[in-house]
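As C-alpha cells, the structure follows; a few thoughts come after it.
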2 protein chains.
Amino acid sequence: MSEDRLSRVFAALADPTRRDLVARLSAADATVGELAAPYDVSLQAVSKHLKVLEDAGLVSRESRRAPVRLEAEVFDLMTKWIERYQQQAEERYQRLDALLAEMQEDRPARETAREEDAS
Amino acid sequence: MSEDRLSRVFAALADPTRRDLVARLSAADATVGELAAPYDVSLQAVSKHLKVLEDAGLVSRESRRAPVRLEAEVFDLMTKWIERYQQQAEERYQRLDALLAEMQEDRPARETAREEDAS
DNA sequence: AAGTTACTCAACCAGACGGTTGACAACTCG
DNA sequence: CGAGTTGTCAACCGTCTGGTTGAGTAACTT
C-alpha cells in the first residue's frame, strides 16, 4: 500500500531531529557516528531515528558501517500528494473569486436570488 | 518557531484519515458532521482530527458550526523544505556522476595523469 | 587471535496519540 | 420557552514514540 508509505514518510519528517538528519545528508553522506556527534542524545537514539528514516525509504545503507545515503526520490511522493490538493484548492478559490466578482457586477440593491427569495 | 510549525504540519499529515480530510476539503468546504459521515469512527474522533489540522494551520473555521476551510498556503512551507534538500541532493548526485564519468575517461591501467582535458 | 571501535538489540519508562463513551455547551427552530 | 441538533470537553484505555541504559554483534587494527 502506497498510502501506508506516505504515512511513514510524513511521520518520519515530523521529528525535528530527523529533518535535521535529512538536511545534513542532503549535503553529504555520513556514517551513523558522524551523524550522531552533533546531538546530545545517545548514539542509540540516533540509530533509531535512522531506522525510522530507512523504513520510510528516505535513507539507505549498503552495510552496517557504510555511510548513510539520502534517497531523494521519495520526496516526489510527497510533492505529488501536496501539489494535487494544493492545485485543487487554489483552483477552487479562483472560481470563488470569479463568482464573487460576478456577483459584484450585479446591483447590490437587487442581487440575484438567495433562498428566501421567491423565484 | 517555524520549525515547530513544520513538525506539526508533517505530523498532522502522517495520519491517513487526516490526509483524507484534507483531500476532501480541497474539493469543497464542509462542516464537521459532513466530514465525519463517511468514516466509521465517532464524531468526536473526527473533531479531534480537525483540531490537529487546525493547530497545524492546515484548516480554519469562522465559528463552531461554520464549514471547515482548507488553508492551502501552508503547503508552501512543506514544499519549500522538501525542494531545498531535494535539489541539494540531486545536485550532489549529478556532481558524483560527473566525477565517475571523468574517472571512467582515464585508462584504468595507466595512472592518474589528467591533463588532456580541454573543455 | 585479541582487542578496540562502531553499531544494533532489548528492556524499560514517561508521555503523546487515536480511539472510545458520557456529559455538556451552543445554536436553531417549533 | 423548550426541544432537538451539532459540536466540544473530559476521562479513560491500549498502543506507539523518543528517550534511556546495558548487553551483544560485526568489523577493522595490531
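Hydrogens, waters and symmetry mates play no part in the numbers below; they use all other heavy atoms, side chains included. Model, not experiment: these values are computed from the prediction. Numbered from 1 within each chain, the chains take letters A, B, ... in sequence-line order.
Looking at heavy-atom distances under 4.0 Å, B/Ser63 makes no contact with the nucleic acid at all. Here A/Lys51 lies out of heavy-atom contact (under 4.0 Å) with every strand.
Nucleotide D/dG7 holds its C1' atom 15 Å from the CG atom of B/Leu21, rounded to whole Å. In this entry the distance linking CD of A/Glu34 with P of C/dT5 reads 16 Å, nearest Å. Regarding B/Gln44, its CD atom lies at a distance of 12 Å from the P atom of D/dC9, rounded to whole Å. In this entry the distance linking CG of B/Asp55 with P of C/dG18 reads 12 Å, nearest Å. Following rounding to the nearest Å, B/Glu62 (CD) and D/dT6 (P) show an atom-to-atom distance of 20 Å. The CG-P distance, from B/Asp4 to C/dA16, rounds to 13 Å in whole Å. Atom CG in A/Leu43 sits about 11 Å away from atom P in D/dT20, given to the nearest Å. For the pair A/Arg19 CZ and D/dG18 C1', the interatomic distance rounds to 15 Å; values are reported in whole Å.
Dashed line: the shortest gap from a side-chain N or O of B/His49 to OP1 or OP2 of C/dG19 is under 4.0 Å. Applying the 4.0 Å criterion to OP1 and OP2 of D/dG7, one finds that B/Ser47 has every side-chain N and O outside that range. Taking 4.0 angstrom as the limit, B/Arg18 places none of its side-chain polar atoms (N or O) nearer than this to OP1 or OP2 of C/dC17.
Closest to the side chain of A/Lys48, out of D/dT21, C/dA11, C/dC7, is C/dA11.
Looking at which nucleotide of DNA chain D each of A/Asp40 and B/Arg64 is closest to, the 5′-most match is held by B/Arg64. Closest-nucleotide positions on DNA chain D for A/Asp15 and A/Arg65 were compared, and the one nearer the 5' end corresponds to A/Asp15.
The aromatic rings of B/Phe10 and B/Trp81 stand perpendicular to each other, their planes meeting at an angle above 60°, with 30° marking the opposite boundary.
Checked for salt-bridge contact, A/Asp76 and A/Lys80 miss the test: no charged N lies under 4.0 Å from a carboxylate O. The existence of a salt bridge linking A/Arg19 and A/Asp15 is excluded, since no basic side-chain nitrogen approaches an acidic carboxylate oxygen closer than 4.0 Å. One finds a salt bridge joining A/Asp4 and A/Arg8 here, because a Lys/Arg side-chain nitrogen approaches an Asp/Glu carboxylate oxygen to under 4.0 Å.
Residue B/Leu43 comes nearest to B/Gly33 through the heavy atom pair CD1-CA, 4.0 Å, listed as atom of the first residue, atom of the second, then distance.
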